[in-house]
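Worksheet: one structure, shown below.
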Amino acid sequence: MSVTKSRKISSWTLLVLLAVSVIMCIAFFMGGSHMEGTNKAYELTGAFLGWVYALTGLTLVVTLCFAVASFLRSFKQNSKKALTSLIGVVALILLLVITYAIGNGDPAAMSAVNEDSQKYLTSGWLKTADMVLYSSYALIAATLVLIIWGAIRRNTSKK
């Protein structure tokens, strides 16, 4: 496939997904709502969440497919370098396992949450939420450290 053809396909895919996302967002807020006690409940919440789940799943599948294809392609050229590239994947999995393990799974810590959210106050969901937060914090900190390290390295190597 030529470069221009792949750019056209990716551009059109982006535009279609963006258009559907904008339409879903507008429909979510304009689709009506009602009051449930003191909370405002939107009628199209399920459809909106379904679209978000579909986009998330599509992103994960496409990312995984490209990662596997890239690994296989580089494995054919240089197997040692390809196996070295797995260090990042192993480090990410290790980070997720560690942050899940240190997460707080005590439902009593979240007792002030409304009754609709009580079904998610299980140890697994609470630890998963903490895992996402702690992993995000660790990745942001690592990004900042690497940016600073890269700037220092670039400035010291020029001299």
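The structure displayed is predicted, hence computed values, not measured ones. Sequential numbering from 1 along the given sequence is applied to the chain's residues.
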Hey, what do you get for CG (L49) to CG (L44), rounding to the nearest 0.5 Å?
11.0 Å
Value rounded to 0.5 Å, distance of CG in L95 from CE in M131
9.0 Å
Give a yes or no answer on whether the side chain of K40 reaches the backbone of M35 with a donor-acceptor pair at less than 3.5 Å.
no
Less than 4.5 Å apart, side chain to side chain, heavy atoms only: is that true for L121 and L126?
yes
Rounded to the nearest 0.5 Å, what's the gap from CD1 on I87 to CG on L92? Could you check?
14.0 Å
d(L18 CG, I23 CD1) to nearest 0.5 Å is 10.0 Å
Spell out, as yes or no, whether a donor-acceptor pair under 3.5 Å connects the side chain of S135 to the backbone of V132.
no
Tell me whether V20 is reachable from V62 by hopping between hydrophobic residues (I, L, V, M, F, W, Y) whose side-chain heavy atoms are closer than 4.5 Å.
yes
Between OG1 of T128 and CG of L96, what distance do you get to the nearest 0.5 Å?
10.5 Å
Please, which pairs that meet side chain to side chain donor-acceptor pair (under 3.5 Å) have at least one residue in residues 61-73, sequence neighbours excluded?
none
Where does the angle between the aromatic ring planes of F28 and Y42 fall among parallel (under 30°), tilted (30 to 60°) and perpendicular (over 60°)?
tilted
Gap separating the CD1 atom of I152 from the OG atom of S157, nearest 0.5 angstrom:
12.0 Å
Which atom of T143 lies closest to which atom of L139, heavy atoms considered
OG1-O, 2.7 Å
Side-chain contact test, heavy atoms from C-beta onward, threshold under 4.5 Å: evaluate it for L64 versus L60 and give yes or no.
no
Side-chain contact, heavy-atom cut-off 4.5 Å: T45 with F48?
no
So do the side chains of F75 and L83 get within less than 4.5 Å of each other, counting heavy atoms only?
yes
Please identify each residue that fulfils side-chain contact (heavy atoms from CB on, under 4.5 Å) with A54, with sequence neighbours left out.
none
Is any side-chain heavy atom of L17 less than 4.5 Å from a side-chain heavy atom of L58?
yes
In terms of hydrophobic clusters joined by side-chain contacts under 4.5 Å, are Y137 and I102 together?
yes
Heavy-atom distance under 4.5 Å between the side chains of F71 and L86, does that happen here?
yes
Under the side-chain contact (heavy atoms from CB on, under 4.5 Å) rule, collect the residues that match up with S21, sequence neighbours excluded.
W51, L55
